[in-house]
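Start at 1 with the first residue, then count along the sequence. For ligands, and for the atoms within them, numbers begin at 1 and follow the listed sequence. All values reported here derive from a predicted model rather than from experimental measurement.
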Amino acid sequence: MSTTIYFFTGSGNTFKVAKDISAQIEDTKLIQICKDNLSITSDTSSDKIGFVYPVYATGIPWMVKKFIENLKINKDTYIFSVASCGTNAGISVNQIDDILNRKGTSISASFEVLMPGSHQVMYDVPSKEIQMKCFNDEKVQVLKVSESIKRKELHKSNKAVGIKKSIDTFLYKSFFNPSDWDKNFWTTEKCNGCGTCSRVCPANNIDIVDAKPQWKHQCEHCMACMQWCPQKAIQYKKKTLKRGRYHHPEIKANELYKRDSSNMI
Ligand SMILES: Cc1cc2nc3c(=O)[nH]c(=O)nc-3n(C[C@H](O)[C@H](O)[C@H](O)COP(=O)(O)O)c2cc1C
């Protein structure tokens, strides 16, 4: 009765949720969705498959989309999704279900877990109180979600409908554009070329050239580079100059370094 959880993460929030769920369910393998693992194109042996992902601009990160589109899955596999989000799952469940429908299957159960918002280009780091509330609620939510998954319960309540679906679809298409979004990242004089940004980037989008990061325009918007920089030297335009940085306090940067599937739990 094996379970495989495929997760994508930037600040470590979603990794924490995926890790905590995997700790509750026996015989579970955790695999990070990242550039190095895009060669995984089939999972016909897991009894249950989970996609644990952050919500970006109301939807799923592109890499998660590409990964699920490419993954061959048996039609009778129990498939669950868990959105880690600042406010709500937006159209992410609709998007995953649409991809699965095209493969002749569908999500069996979808859940969401609220985590501190990680988009410091848009807003400052949530207060310590809000963070603590999220972390405490996450523990409770993870137990509920894990129990549902163990019992293979069917649960699909958080799809967007009506006007919310239309607005979120508009937002996703308008504001979530890959190309050269990362051209606005820059480093202050504090950058010492340590390379952490390059190692935590799930898209392998950063090279260190002359001891400075160089972004290669395949950015997933996950903010990992900016959030994990030990010197807090990475900025986005002038928007982040006065803002704090956030990564999940119980995740360490080096847990995101070795992301080849053979190194995962
Ligand atoms: C580029 C970006 C866009 C985001 N958009 C949304 C959103 O539309 N709705 C929402 O609830 N949270 C949004 N968030 C917050 C994240 O979904 C949330 O903080 C999540 O836990 C991040 O997980 P991760 O750091 O593991 O990727 C956004 C975060 C980022 C970085």
Residues that K212 engages under salt bridge (Lys or Arg N to Asp or Glu O under 4.0 Å), provided they are two or more places apart: none

Answer yes or no: does an N/O atom from G86 fall short of 3.5 Å to an N/O atom of ligand 1? yes

For atom 8 (O) of ligand 1, grab the closest protein heavy atom and report residue, atom and distance to one decimal in Å. T58 N, 2.7 Å

Option whose closest heavy atom lies nearest to atom 27 (O) of ligand 1, chosen from Y53, Y56, F8: Y56

Report, in ascending order of atom number, the atoms of ligand 1 lying under 4.0 Å from any heavy atom of P54. 22 (C), 23 (O), 24 (P), 27 (O)

min-distance protein heavy atom vs atom 5 (N) of ligand 1 -> A57 N, 2.9 Å

For H119 and ligand 1, does the shortest N/O to N/O distance drop below 3.5 Å? no

Answer side chain, backbone, both or neither: which part of P116 comes under 4.0 Å from ligand 1, heavy atoms only. backbone

In the protein, what heavy atom is nearest to atom 11 (O) of ligand 1, and what distance, to one decimal place, separates them? T87 N, 2.7 Å

First locate atom OG of S39, then atom CG of N70, and finally report the distance between them rounded to the nearest 0.5 Å. 10.5 Å

Is there a polar contact between ligand 1 and F15, counting only N or O atoms under 3.5 Å apart? no

Scan residues 83-104 for pairs that pass salt bridge (Lys or Arg N to Asp or Glu O under 4.0 Å), counting only residues two or more places apart or in two chains. E69-R102, D97-K156, D97-K159

Mind checking whether G90 has a heavy atom under 4.0 Å from ligand 1? no

Ignoring hydrogens, just give me the one of V121, N88, V55 whose non-hydrogen atom is nearest atom 13 (C) of ligand 1. V55

Select one of side chain, backbone, both or neither to describe which atoms of S11 lie under 4.0 Å from any atom of ligand 1, heavy atoms only. both

Considering only non-hydrogen protein atoms, determine which one is nearest to atom 29 (C) of ligand 1 and report residue, atom name and distance to 0.1 Å. S118 OG, 3.5 Å

